[in-house]
Amino acid sequence: MIIVIDYGMGNLHSVRKALEVVGAKAKVSSRAEDILKADKIVFPGVGSFGEAMKELNKRKLVKPIKDAINVGKPFLGLCLGLQLLFERSEESPGVRGLGLLKGAVKRFKGGVRRYPSVPPIRRNLRMKFSYENFKVPHMGWNDIAYSVERIAYREKILKNVPNNSYMYFVHSYYVKPEDKRVVLTTTSYGMDFASGVCKDNIYAFQFHPEKSQELGLKILKNFVRL
Amino acid sequence: MLTKRIIPCLDVKDGRVVKGVNFVNLRDAGDAVENARFYDKEGADELVFLDITASHEKRKTTIRLANKVAESIFLPFTVGGGISTVDDIRNLLNAGCDKVSINTAAVKRPDFIKESSKRFGSQCIVVAMDARCRVKTKDREKWEIYINGGRTPTGLDAVKWAKKAESLGAGEILLTSMDYDGTKEGYDIELTKRISESVRIPVIASGGAGNLKHLYEALTDGEADAVLAASIFHFRTYSVGEAKDYLKKKGVNVRI
């Protein structure tokens, strides 16, 4: 049984439904004993970092989540569920995250950027520039590029998901892991950020596999089959 | 790289799609799931359901519709039309829709944007605005916001309202030109560009699409992040796939 952790942050039924479609038995729950009994755990969520930690503390879920991870249960964090694994966030200064991964959550700066559209061949050629307006939130379909790290993980969780597949993103903050070796995929939005991270039994993504059509469902299927 | 989005819009009434895919063998043309599945297969990036149900009691049917769509199609979708309370939003989000679009209620009480974005996050609050050109001189254009389905002028300036909606926590703007809506003469590029340059949140252009060049113009000259269209897709003038192929050839970054 896969437990989808409910802590009052957003609709979880599409995650549950997507898991069922790929062949899992899934249940939405906010009970500590369900989390501790689960075979696998999915930790989704949308909303603010501070609000989410408040809800997790109120429901006394922080310890069960950490315990379940420490005993090695496969754990999938999605969107806010990825960010909460880190130590702190610019969204809610002073609030401590779960701290299972080292690093911080930062806000996209956004704004109009200029970048060379054609690389200059000779130095005396005038450089041509394109302009792109990076809006916040980062909303829509963007591609995920395999990082050079975590190749063994890639073969598991990203099996049949080709490099540069499009996934659906909606977020204003991104994670910046201290240890670059945990980065599974990166995505470019004004700069490259970590859109997927893995460590031990933790798998986490910034995008929404449950909203990313076939390729997104493949990731969930891979998680179910771990 | 983030792609530009193509978004078909479907009208729903009493839980049924009334303006959806035409001339195609759908077993049940009014079924939301069948319509959504059709566009999902064609490669739509998102879907918008516009609820034109008149009575408030029948709104529950829209919630059931959202529920069915969310359980069958793994593609983001928005529901809009007649949303006026935080409870309306909660019910729709719990039913599985990803975003809600609010229009009249936001103009009447701007704090509604603030309350709902604080409660549910900006990412799911789309502010829809219907704008009509009021002043047009050689170097100056001004647009006024209308509410109640375009029936009531408000005196609000479109650019100012867009900025205010952003500052109150809107995550996205769905911008409809009333002058161009239904004309098939193209989107209002001036309006789209002005709004898109004035805010730092994504802008969806709507109203006026008649051919693929119009989509291209809105996404390039109009600087829109997404285009919404109804009739060109419903009447199969073009498929979503054709639209994307065309845009890709013209150098627009789309998801294929």
Side-chain angles (χ1 to χ4, degrees), chain A residues 8-18 20-22 45-49 51-52 79-80 91 108-112 117 130-143 145 164-173 187-190 208-217 220, chain B residues 1-7 40-41 43-47 66-77 90-99 117-126 166 169-173 196-197 199-204 223-226 244 251 253-256:
Chain A
M9 301 301 280
N11 160 58
L12 310 174
H13 293 282
S14 45
V15 178
R16 175 187 53 82
K17 190 71 203 173
E20 283 173 6
V21 164
V22 298
V46 290
S48 96
F49 191 90
E51 199 70 25
C79 198
L80 186 59
E91 185 173 17
F108 280 118
K109 290 210 170 55
V112 179
S117 50
S130 292
Y131 294 85
E132 197 176 341
N133 194 355
F134 293 101
K135 296 186 172 182
V136 182
H138 172 224
M139 186 185 285
W141 296 83
N142 203 335
D143 58 319
N164 301 316
S165 291
Y166 283 112
M167 297 290 164
Y168 189 80
F169 290 82
V170 189
H171 61 128
S172 302
Y173 296 81
T187 294
S188 169
Y189 193 61
H208 291 267
E210 80 281 11
K211 288 289 165 185
S212 299
Q213 294 182 308
E214 287 303 310
L215 290 168
L217 292 184
L220 295 178
Chain B
M1 204 168 147
L2 187 68
T3 59
K4 301 281 188 182
R5 286 169 283 153
I6 311 291
I7 309 174
D40 175 70
K41 280 216 184 80
D45 295 310
E46 279 181 33
L47 293 175
N67 216 319
K68 280 195 297 181
V69 172
E71 298 218 324
S72 346
I73 286 101
F74 301 99
L75 187 71
F77 69 99
R90 182 184 298 113
N91 290 339
L92 282 166
L93 293 177
N94 281 339
C97 85
D98 300 277
K99 306 182 211 175
S117 64
K118 211 162 170 229
R119 177 67 188 83
F120 306 106
S122 289
Q123 82 290 332
C124 62
I125 306 300
V126 182
E166 177 188 24
E172 196 169 35
I173 287 172
S196 197
E197 283 175 349
V199 296
R200 285 157 300 171
I201 52 178
V203 173
I204 307 169
E223 297 176 28
D225 299 278
K244 286 189 161 185
N253 192 25
V254 287
R255 178 181 70 110
I256 290 187

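At a threshold of 4.5 Å between non-hydrogen side-chain atoms, the residues A/Lys211 and B/Leu75 do not count as touching.
Only the backbone of A/Ser212 comes within less than 4.5 Å of a heavy atom in chain B; its side chain stays farther off. For B/Lys99, the part lying under 4.5 angstrom from a heavy atom of chain A is the side chain only. The part of B/Asn253 that comes within reach of chain A is its side chain, from C-beta onward, which places non-hydrogen atoms under 4.5 angstrom from that chain. With a 4.5 angstrom heavy-atom cutoff, B/Val203 touches chain A via backbone and side-chain atoms both. B/Ala170 does not touch chain A: none of its heavy atoms, backbone or side chain, sits under 4.5 Å away. Contacts of A/Leu217 with chain B are made by side-chain atoms alone, with heavy-atom separations under 4.5 Å and no backbone atom involved.
Side chain of A/Asp143 to main chain of B/Met1: a donor-acceptor pair is present (N/O by atom type, distance under 3.5 Å, no hydrogens or angles).
Closest of all the heavy-atom pairs between B/Glu71 and A/Arg16 is OE2-NH2, 3.7 Å. In plain terms, the two heavy atoms of A/Met139 and B/Pro202 that are nearest each other are CB-CG, 4.2 Å. Taking each heavy atom of A/Val136 and B/Ile201 in turn, the nearest pair found is O-CG2, 3.4 Å. In terms of heavy atoms, A/Tyr166 sits closest to B/Ile256 at CE1-N, 4.4 Å.
By the 6.0 Å contact criterion, CZ on B/Arg200 is open, its count of non-hydrogen atoms from other residues, nucleotides or ligands being 12 or less.
Using modelled atom types, one finds no donor on one side chain facing an acceptor on the other under 3.5 Å when comparing B/Ser72 with A/Lys17.
For the atom pair A/His208 NE2 and B/Gln123 CD, the distance stands at 7.5 Å (nearest 0.5 Å). To the nearest 0.5 Å, atoms CZ (B/Phe120) and CD (A/Glu51) are separated by 11.5 Å. A/Tyr168 contributes atom OH, which lies 10.0 Å from atom OG1 of B/Thr3 (distance to the nearest 0.5 angstrom). Annotation: the span from B/Phe77 atom CZ to A/Ser14 atom OG amounts to 8.0 Å, rounded to 0.5 Å. Taking CG of B/Asp225 as the start and CG of A/Asn133 as the end, the distance is 7.5 Å to the nearest 0.5 Å. The structure places CD1 of B/Ile73 at 10.0 Å from CD of A/Gln213, a figure rounded to the nearest 0.5 Å.
Per-residue heavy-atom pair counts under 4.5 Å with chain A were compared for B/Glu223, B/Glu172, B/Glu197, and the maximum is reached by B/Glu172. Taking chain B as the reference chain and counting heavy-atom pairs below 4.5 Å, the highest number among A/Thr187, A/Leu12, A/Val170 is found for A/Val170.
Every residue two or more places apart in sequence or in another chain that forms a ring pair (Phe, Tyr, Trp, His ring centres under 6.0 Å) with A/His138 is listed here: A/Phe108, A/Phe169, A/His171, A/Tyr189, A/Phe193. B/Asp45 is linked by a salt bridge (charged side-chain N to carboxylate O under 4.0 Å, His left out) to B/Lys244, B/Arg255, counting only residues two or more places apart in sequence or in another chain.
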